[in-house]
Enquirer: 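Handing you this structure, nothing more for now.
This is a predicted model, so every value here is computed, not measured. A note on names: the letters A, B, ... follow the listed sequences, proteins ahead of strands, and every chain is numbered from 1.
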Number of protein chains: 2
Amino acid sequence: MQEALKSFKKYLSLNNLKLTRQRLLIFKYFMSDVGQLNPEGLLRGVQELDKTISRSTVYRTVKHLHNAGIARCIHRSDGGTCYEPMGDQSCRMICEQCGKTVPVRNPYLECLQQETARQQGFTLFRYQNTLYGLCPDCAERMGRPASPESKNDKRRF
Amino acid sequence: MQEALKSFKKYLSLNNLKLTRQRLLIFKYFMSDVGQLNPEGLLRGVQELDKTISRSTVYRTVKHLHNAGIARCIHRSDGGTCYEPMGDQSCRMICEQCGKTVPVRNPYLECLQQETARQQGFTLFRYQNTLYGLCPDCAERMGRPASPESKNDKRRF
DNA sequence: CTCAGTGCAAATGATTTGCACCAGC
DNA sequence: GCTGGTGCAAATCATTTGCACTGAG
């Protein structure tokens, strides 16, 4: 958290931005919260601490957190957007249903990736592998993905 | 394409849906197009063939294509939504200097990735591997070795 | 013939923006 | 004190929906 706060401050000063009470509050709430939350949830949480903080400020700030590399933005399959603190995992799976993020640990995969880049003459700085799909829980809950499952979206019109 | 058309028809009949002129047209345009396109692009493309097709119909149809497992829906990091025919996965390298994007093809990597997801009970829809770094050209231009030993076995692929 | 499909326009919901006052640095 | 920040309300943008007519099976 101190780490992240430092990079947030750095980002701000590099961009001529100010560390306001609101930004700090949003930052703190965001970092202390477990898991992900959407702008609305962030707003609610933050307003418990300070009634006056506006929705616009939350939206504006979360964008800065994202630009600063502190927040990761997740677009869920249901169209919702949510954010979570950036972890250091560079290989993860995201459930498109519930938005859950699961880190993937496979050293061999990482190794192979580096080797692949190297073979093509690429100097690898960092990488980001994102696997999109269904987590075991959601897969079970849904029966089967991508099939005549239109009951939910079917309606008379 | 015939394959996909068949499953589209199957999906429709299984759900008491009709194969209308509009749906067929949208389906065909979607399948013939290279790469991804968003609803707006799809609408534009389809309207070149038939002025009367409405935005709503495109939206409604693309959803069916998605439910039928024919279209993959992608929520981009910029917030935009786009669709592409199911099937091709993506793995690419982005040069942080010149911005060039280079596709990476390594079947083994893809295979390993799928296997890794499977092992953790994840149903994989698609993945996005992004390697950030320097392309050979920029690395050279910057007078920096691409990587300890990549100069010698550099290859275009 | 019947019920689902369509185009249209209006509605929705998330996110953004213009503006006049407010506060870090 | 200068600049960027904020809250508010209005604006925007993608997507959805209600409706009355049309067309596929």
Enquirer: For DNA chain C, what residues of residues 42-59 of chain A have any heavy atom nearer than 4.0 Å?
Expert: Arg55(A), Ser56(A), Tyr59(A)
Enquirer: Going by atom type alone, with no hydrogens or angles, which donor-acceptor pairs under 3.5 Å involve a side-chain atom of residues 43-50 of chain B and a protein atom two or more places apart or on another chain?
Expert:
residue: Gln47(B); atom: NE2; partner: Ile53(B); partner atom: O; Å: 2.7
residue: Asp50(B); atom: OD1; partner: Thr52(B); partner atom: N; Å: 2.8
residue: Asp50(B); atom: OD1; partner: Thr52(B); partner atom: OG1; Å: 2.8
residue: Asp50(B); atom: OD2; partner: Arg21(B); partner atom: NH1; Å: 2.4

Enquirer: Whole Å only: how far is the NZ atom of Lys63(A) from the P atom of dT15(C)?
Expert: 9 Å
Enquirer: Quick one about His64(B) and Tyr11(B) (side-chain donor to acceptor, distance below 3.5 Å, no hydrogens or angles considered), yes or no?
Expert: yes
Enquirer: CD of Gln22(B) versus P of dT22(D): gap in Å, rounded?
Expert: 14 Å
Enquirer: Could you state whether Leu5(B) and Leu42(B) fall into the same hydrophobic cluster, counting links through intermediate Ile, Leu, Val, Met, Phe, Trp or Tyr residues with side-chain heavy atoms under 4.5 angstrom apart?
Expert: yes
Enquirer: Only counting residues at least two apart or in another chain, list the ones meeting side-chain contact (heavy atoms from CB on, under 4.5 Å) with Ser54(B).
Expert: Ser56(B), Thr57(B)
Enquirer: Please answer whether the main-chain N or O of Lys10(B) pairs with a side-chain N or O of Ser13(B) as donor and acceptor at a distance below 3.5 Å.
Expert: yes
Enquirer: According to a hydrophobic-cluster definition based on side-chain heavy atoms being under 4.5 Å apart (Ile, Leu, Val, Met, Phe, Trp, Tyr only), do Leu17(A) and Met31(A) belong together?
Expert: yes
Enquirer: Using modelled atom types only, decide if a donor and an acceptor are shared between the side chain of Arg23(B) and the backbone of Thr61(B) within a distance under 3.5 Å.
Expert: no
Enquirer: Might you point out which heavy atoms bring Phe30(B) and Pro85(B) nearest each other, and give the distance in Å?
Expert: CZ-N, 3.4 Å
Enquirer: Tell me whether Leu25(B) shares a hydrophobic cluster with Leu12(B), the cluster being built from Ile, Leu, Val, Met, Phe, Trp, Tyr side chains joined at under 4.5 Å.
Expert: yes
Enquirer: Could you state the interatomic distance from CZ (Phe122(B)) to CG (Leu134(A)), rounded to the nearest 0.5 Å?
Expert: 7.0 Å
Enquirer: Where along residues 13-21 of chain A does a heavy atom fall under 4.0 Å from DNA chain C?
Expert: Lys18(A), Leu19(A)
Enquirer: Just the rounded figure in Å: distance from C1' of dG23(D) to CG of Leu24(B).
Expert: 15 Å
Enquirer: Hey, what are the protein-to-nucleotides 10-13 of chain D N/O distances that come in under 3.5 Å?
Expert:
none

Enquirer: For the helix from dC1(C)-dG25(D) to dC25(C)-dG1(D), how many degrees between its two end axes (five pairs per end), to the nearest 10°?
Expert: 50°
Enquirer: Distance check needed: dG24(C) P versus Leu25(A) CG, whole Å only.
Expert: 13 Å
Enquirer: Check whether the side chain of Arg60(A) and the base of dG4(D) form a donor-acceptor pair under 3.5 Å.
Expert: no
Enquirer: Mind listing the closest non-hydrogen atom pair of Gln120(B) and Pro136(A) along with its distance?
Expert: O-CG, 3.7 Å
Enquirer: In the single-linkage hydrophobic clustering (I, L, V, M, F, W, Y; side-chain heavy atoms under 4.5 Å), do Leu37(B) and Phe27(B) co-cluster?
Expert: yes
Enquirer: OP1, OP2 of dA4(C) versus side-chain N and O of Arg23(B): anything below 4.0 Å?
Expert: no
Enquirer: Which heavy atom of Tyr83(A) sits nearest to which heavy atom of Ala71(A), and what is that distance?
Expert: CD2-CB, 4.2 Å
